Amino acid sequence: MVLLALAQAFQFELVLRQRDVIGQWVPESEPGESDIRYNGLKWRAGIRWSEVADDMVLRHRTNKRQKMMAADLKLCPMIQDELRYLNYRSPDGPIIINDVTGLPWSANEFRRKWRLVANHCGVPKEVKDMHSRSAGISEMFRAGVRPDAIMTMATHSDLAMTMRYNRQNHLDTSTEGQLARLEYRNRKAEE
């Protein structure tokens, strides 16, 4: 369970795609090297312990666009909380592994296990693990983070894509606009 929670924390706090957190299993015939192989497949693209420096900065090349991202894990309380429960750290191995097999998760098995835990916790069926990224991006918008900074953290190539991930509802957005207008009017009245 700890590793599911840690994966969730990485996805939410660093707005990473699931594939960048847990990696993926691909046929051995596909291009690219991997030191982790099982049953005709090789594992690649997930975060590894070797990508976390002594100063707790994670540097990872994302799978989708091969962009480098960096994040200070000391500024991620959810990740720090979950790391405290780990009793292993492989020098170069994957951070997120299946606690039953000791191997990295397959995407299907990760989603299946995630849903079992989510059901147990009362998470509605329409909420999926993949929503973690958009939830993290939406939180940054609500916190007032500059859109270009959010775009960089999400490793998007253009702001339009970042805006599509923003899941603020219409009431949040219109309330923000109304409050800003009231503040503006009050400042003008005081001048």
Side-chain angles (χ1 to χ4, degrees), residues 1-23 45-64 67-100 102 104-105 107 110-111 113-124 126-156 159 161-169 172-173 175-176:
M1 299 293 191
V2 169
L3 294 169
L4 283 172
L6 181 58
Q8 187 75 57
F10 271 106
Q11 287 176 246
F12 178 74
E13 293 216 282
L14 303 182
V15 297
L16 288 170
R17 292 173 185 87
Q18 181 190 76
R19 185 174 291 168
D20 284 312
V21 174
I22 69 168
I47 53 176
R48 291 177 170 264
W49 288 110
S50 59
E51 296 175 318
V52 180
D54 290 339
D55 61 0
M56 291 301 288
V57 172
L58 169 69
R59 289 176 179 81
H60 176 74
R61 185 169 303 281
T62 61
N63 182 62
K64 188 171 183 178
K67 291 184 176 182
M68 281 303 296
M69 60 79 61
D72 187 343
L73 300 182
K74 295 185 302 293
L75 302 177
C76 302
M78 291 171 67
I79 293 172
Q80 289 298 314
D81 286 347
E82 295 305 322
L83 285 174
R84 288 192 330 228
Y85 294 106
L86 288 186
N87 56 8
Y88 78 94
R89 183 176 173 153
S90 167
D92 187 42
I95 294 176
I96 306 298
I97 59 171
N98 181 321
D99 50 350
V100 175
W105 290 91
F110 183 86
R111 283 191 293 273
K113 185 72 171 229
W114 187 94
R115 178 41 56 196
L116 287 173
V117 172
N119 288 345
H120 180 76
C121 295
V123 175
E126 62 271 10
V127 176
K128 296 178 174 35
D129 174 60
M130 66 184 243
H131 295 138
S132 302
R133 180 171 164 85
S134 59
I137 290 171
S138 296
E139 183 186 57
M140 284 191 281
F141 274 105
R142 284 192 300 277
V145 177
R146 290 185 345 264
D148 64 308
I150 298 170
M151 181 182 85
T152 298
M153 185 166 180
T155 65
H156 288 147
L159 190 55
M161 177 59 75
T162 305
M163 297 307 290
R164 287 183 16 202
Y165 275 80
N166 185 5
R167 301 293 196 257
Q168 283 182 296
N169 68 38
D172 288 346
T173 306
T175 300
E176 181 182 334

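The basis for the numbers below is simple: all heavy atoms, side chains too, and nothing from hydrogens, waters or symmetry mates. Note that the structure is predicted; figures quoted are calculated from it, not measured.
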State, to 0.1 Å, how close [X] and [Y] come at their nearest heavy-atom pair, and which atoms those are.
X	Y	answer
Met78	Phe12	SD-CD2, 3.7 Å
Ile22	Pro104	O-CB, 4.3 Å
Ile137	Ala154	CD1-CB, 3.9 Å

Show your working on side-chain contact (heavy atoms from CB on, under 4.5 Å) between Trp49 and Asp92 and close with a plain yes or no.
CA-CA 5 Å; Trp49 288 110; Asp92 187 42; over 6 Å; no
Stepwise side-chain contact (heavy atoms from CB on, under 4.5 Å) test for Met69 and Leu16:
CA-CA 10 Å; Met69 60 79 61; Leu16 288 170; 4.1 Å; yes
Please tell me if the side chains of [X] and [Y] come closer than 4.5 Å, counting only heavy atoms from C-beta onward.
X	Y	result
Val15	Met140	yes
Lys64	Arg17	yes
Met68	Arg59	yes
Leu14	Leu58	yes
Ile95	Glu51	no
Thr155	Arg61	no
Arg133	Gln11	no
Glu139	Val145	no

Are the side chain of [X] and the backbone of [Y] linked by a donor-acceptor contact shorter than 3.5 Å?
X	Y	answer
Trp105	Ile97	yes
Glu82	Leu3	no
Thr62	Lys67	yes
Glu13	Ile79	yes
Asp20	Asn63	yes
Gln18	Ala107	no

Nearest 0.5 Å, please: how far is [atom2] in [Y] from [atom1] in [X]?
X	Y	atom1	atom2	result
Thr162	Met151	OG1	CE	6.0 Å
Leu75	Met56	CG	CE	10.5 Å
Phe10	His60	CZ	NE2	10.5 Å
Leu83	Cys76	CG	SG	9.5 Å
Arg115	Asn119	CZ	CG	5.0 Å

For Arg19, is the CZ atom crowded, meaning more than 12 foreign heavy atoms sit under 6.0 Å from it?
no
